[in-house]
Amino acid sequence: MNKITAIKGIKDILPADAPVWHKVETVARDIFERFGFREIRVPIMEKTVLFQRSIGETTDIVEKEMYTFRDRDDELLTLRPEATASIIRAYIEHNMAAADSIVKLFTFGPMFRRERPQKGRFRQFHQIDVELFGDETPAADAEVIFMLIHFFETLGLNQLSLEINSLGCKACRPQFSKAVVDFLKGSESSLCPDCQRRIHTNPLRVFDCKVEDCASVIMDAPLITEYLCTDCDTHFASVKSLLADLKMSFTVNPKMVRGLDYYTKTAFEVKTGSLGAQNSLAGGGRYDGLVSFLGGPQVPGIGFGIGMERLIACLPADPAGKFSTDIFVAALGAPAQKIGFRLTNELRRAGISAAMDYSDKSLKSQMKRADRQNSSYTLIIGEREIEENRAELRDMNTKQQQSLPLEDICPALVKIIKKR
RNA sequence: GUGGGUGUAGCUCAAUUGGUCAGAGUGCCGGGUUGUGGCCCCGGAGGUUGAGGGUUCAAGCCCCUUCACUCACCCCA
């Protein structure tokens, strides 16, 4: 029979890796709550229309990457490819705007995109997602970006680059877009086939093409910064100055265009040099029209997503998280096994991490297991001990042993172990 | 969806131009120590060399097909 494996691009997080994940989540929770954000848990499935409307019908995500299926009542459902849409849906559905004009939320969890996997890219991947509703000031942009960088630094990540840009709004972006199309049409023949296609589908994408000819063509193209309306322009200037006030180093990348349709004004991305081709650790931006577009009130929003797998891949290895046990109970013979079984579980109930081998192997083999589990103590109960109503407690580091009476041994052990 | 690379023991990898090549290290189990871990020594289990077909006297090695993994493109976290 063929062995059943995990689905392509979908990975197990094994016990050896789980502590890092746990740490990242704990640090995120700590920091985000300090900035006034509160955790929300949203479902990993939504009605397909939610993503179609929010992300954009013509984006790659919606066109070819979503895991969509028909429910038994014929409704189309989708495994979420990103978290923002769900959070906005929840924000609207629970009328959060009415309770407070400013709402700050974060969430963790798996996202699903059916792409070809490669280094730093998976079909199920995890994001930390942050959203801030109801604050249109540039200070909100700067705060969110500052928090993101602070989070990375707390985890020990440096050598990151922060890039920002402004994508304009629905007043000025269409004009810019048209200017780019007009410009590109002039030199259409020298563009790569992909970019020739992009002129019609998503012209701004030509800006991140890596083909040399395209790059040299686009070098002289008009830049969004030249087309920003006064509102967007002053907003962007203000964001930059606030970031400078916070001593943040960043570069303005006027060629950065983010993949999701809904972004307006500020867009940002954090990159690392140590990750191969998929070097984007986090990305986000402002989406001032999206909440109302999805049927909610006219409320601005800004947020970002962090790729957890990519983040963890960059993290310095942490050797600290070794699994250990307080005490290993080594029992020899049936009567000792019986006593040991009861004692082991009593110890656990008393808050001690205890382990035992139930198969009555040789003492040597039980000691080996105790060693492998990094147990601080081993309690030896053999036939001799039972006869004399006692047990031998061995300190695994000092090799010192002491004899303890079997009667009331549990509280005695708890006392010794807790004192350590 | 397109292209490149790689598939040998649980893990990391060896195996001359195709010719006893199915191995090592590590891990696991056991023994050396009739009841005491780590170090050392000895032994054992574990592989239809991803799968299927072909060429050949002979294939882990060459050819074809297929699957898986991986990297890159597209795109994104």
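Sequence lines set the chain letters: A, B, ... in the order given, protein chains first and strands last, and positions in each chain run from 1. Predicted model, so just to flag it, every value in this text is computed and none were measured.
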Between C11(B) and A22(B), how far is it from one P atom to the other, in whole Å?
23 Å
Please state the C1' separation for the pair U49(B) and C62(B) - nearest whole angstrom.
16 Å
Is the phosphate of C71(B), meaning OP1 or OP2, less than 4.0 Å from a side-chain N or O of Q118(A)?
no
Residue pair P117(A)/G120(A) against RNA chain B: nearer the 5' end by closest nucleotide is P117(A)
Take the protein atom NZ of K11(A) and the nucleotide atom P of C69(B), then report the distance between them rounded to whole Å.
8 Å
Could you tell me the separation between the CZ atom of R310(A) and the P atom of A77(B), rounded to a whole number of Å?
8 Å
A51(B) and A59(B): how far apart are their C1' atoms, nearest whole angstrom?
16 Å
Side chains of T78(A) and T68(A): any donor to acceptor distance under 3.5 Å?
yes
For RNA chain B, the expected dot-bracket line (Watson-Crick or G-U under 3.5 Å, [ ] crossing, | inter-strand) is (((((((..((((.....[...)))).(((((.......))))).....(((((..]....))))))))))))....
Within this structure, what is the CD-to-P distance between E115(A) and C75(B), rounded to whole angstrom?
11 Å
Report the C-alpha distance between L393(A) and I409(A) in whole Å, list the side-chain angles of each, state the deciding distance to 0.1 Å, and finish with yes or no for side chain to side chain contact (heavy atoms under 4.5 Å, CB included).
CA-CA 11 Å; L393(A) 182 66; I409(A) 195 168; over 6 Å; no
Separation between the P atoms of C42(B) and A24(B), rounded to whole Å:
13 Å
Using a 4.0 Å heavy-atom cut-off to protein, can you give one letter per nucleotide of nucleotides 25-38 of chain B, 5' to 3': B if the base is in contact, S if only the sugar-phosphate is, - if neither?
---SSS-B--BBBB
By nearest heavy atom, map M308(A) and K64(A) onto RNA chain B; which one lands nearer the 5' end?
K64(A)
Same-atom distance (P) from C29(B) to G38(B), integer angstrom:
12 Å
Should Y287(A) and F293(A) be marked as a ring pair (Phe, Tyr, Trp, His ring centres under 6.0 Å) after you check the CA-CA gap, both sets of side-chain angles, and the distance that decides it?
CA-CA 10 Å; Y287(A) 45 87; F293(A) 183 68; over 10 Å; no
Around atom NZ of K119(A), are there more than 12 heavy atoms from other residues, nucleotides or ligands closer than 6.0 Å?
no
With rounding to whole Å, what would you report as the distance between G3(B) and U8(B) at their P atoms?
24 Å
Rounded P spacing from C61(B) to U16(B) in Å
12 Å
To the nearest angstrom, the CZ-P distance between F152(A) and A77(B) comes to 12 Å
Would you find more than 12 non-hydrogen atoms of other residues, nucleotides or ligands less than 6.0 Å from Q159(A) atom CD?
no
How many Å lie between NZ on K271(A) and P on A77(B), as a whole number?
12 Å
With rounding to the closest Å, how many angstrom separate the P atoms on C39(B) and U26(B)?
11 Å
What's touching nucleotides 2-7 of chain B from the protein side, N or O pairs under 3.5 Å?
| residue | atom | partner | partner atom | Å |
| --- | --- | --- | --- | --- |
| U2(B) | O4 | R116(A) | NH1 | 2.7 |

